[in-house]
Amino acid sequence: MKKKKGSVSFGIIGLGRFGLALAECLSKAEKEVIAIDKDDARVREARRFTEMALVVESLDQESLEESGIQNCDTVVVCIGEQIDVSILTTMTVLNMGVPHVISKATSFMHGEALKRLGATVVFPERDMAVRLGKGLIYNSFLDSVTLEGDVEVRRIQVTKDLVGVSIREADTRQKYGLNIIAIEHRQHTDVDFSSDYRFQAGDVICVIGQIGNMERFESDIQ
């Protein structure tokens with residue numbers, strides 16, 4: 001794979017539902033993607049999104065190097081069900097010197113083993129369930145990105161209790177330890193706003209802070 005100057009490239013190993021959806025998402029964002037799997041039908045499906053979809057029978061280092069996946073900036077190992085294969089493949093990719101390796105895990109112990117190798121770990125099913133649960137608990141909850149240290153960036157729908165209240169009056173930093181970093185209003189996102197801005201119906205605020213503080217805030221504005 002020849003990289004375009006300044007471009008970021010991704011490798012995806014395993015084209016189940018998670019891997020295939022990831023390949024589609026990255027390809028539609030016009031990212032360079034190498035997608036590999038031993039199943040020919042899955043590879044053919046991936047070729048709808050990327051020309052670099054390859055059948056690789058074995059996931060040993062020699063076979064992976066032939067695919068060119070070691071040249072990617074980020075490789076995502078999407079093998080969750082076969083834990084031994086997942087761990088060995090993750091170790092191989094890390095040994096190949098890929099700067100950022102992300103591995104899918106299906107259990108806590110699986111995730112701990114991957115972390116010890118040096119991979120970033122994701123739990124797709126669990127994370128989706130948590131997002132759905134939060135959406136059901138807090139009607140104002142829209143979406144979030146979880147960071148290290150139990151910190152989230154979360155999009156929160158402004159409720160009637162906040163309509164007409166200014167950012168200064170809401171005082172989320174002092175009361176909850178939360179910072180408002182953006183306001184979405186009428187399909188426009190504003191990151192340069194005054195503390196005198198008064199929330200309006202339909203607004204969405206983007207907030208960063210500790211998850212516990214975030215949930216206390218959402219509970220209070222219901």
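We're numbering straight along the sequence, starting at 1.
For the pair Cys206/Arg154, no side-chain contact is recorded, criterion being any heavy-atom separation below 4.5 Å from C-beta on. When side chains are defined from C-beta on, Glu32 does not count as touching Met52, because their heavy atoms never get closer than 4.5 Å. By the 4.5 Å heavy-atom criterion applied to side chains, Ser63 and Val56 are counted as neighbours. Between Leu178 and Arg173, every side-chain heavy-atom pair lies at or beyond the 4.5 Å cut-off. Side chains of Val163 and Val158 form a contact here, defined as non-hydrogen atoms less than 4.5 Å apart. Using a 4.5 Å cut-off on side-chain heavy atoms (C-beta onward), Leu64 and Met96 make contact. Within the 4.5 Å cutoff, the side chain of Phe10 has no heavy atoms near those of the Ile69 side chain. Here the side chains of Phe199 and Ile167 are in contact, with some heavy-atom distance below 4.5 Å.
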* To do: Under the side-chain hydrogen bond (donor to acceptor under 3.5 Å, both in side chains) rule, what do Asp60 and Ser58 come out as? Steps first, then yes or no, please.
  => CA-CA 6 Å; Asp60 59 77; Ser58 173; 2.4 Å; yes
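Between atom CD1 of residue Ile205 and atom CG of residue Asp190 there is a gap of 13.5 Å, rounded to the nearest 0.5 Å. Between the CG atom of Leu162 and the CD1 atom of Ile221 there is a distance of 5.0 Å, given to the nearest 0.5 Å. The distance from atom NE2 of His110 to atom CZ of Phe123, rounded to the nearest 0.5 Å, is 8.5 Å. Atom CD1 of Ile34 sits about 4.0 Å away from atom SG of Cys72, to the nearest 0.5 Å.
Checked for salt-bridge contact, Glu24 and Lys28 meet the test: a charged N lies under 4.0 Å from a carboxylate O. A salt bridge links Glu112 with Lys115: the closest approach of a Lys/Arg side-chain nitrogen to an acidic carboxylate oxygen falls below 4.0 angstrom.
Within the 3.5 Å criterion, the main-chain N or O of Ile181 finds no donor-acceptor partner in the side chain of Asn179. Under a 3.5 Å cut-off, the side chain of Asp73 and the backbone N or O of Ser9 do form a donor-acceptor pair.
A side-chain donor from one of Asp220 and Tyr176 sits under 3.5 Å from a side-chain acceptor of the other.
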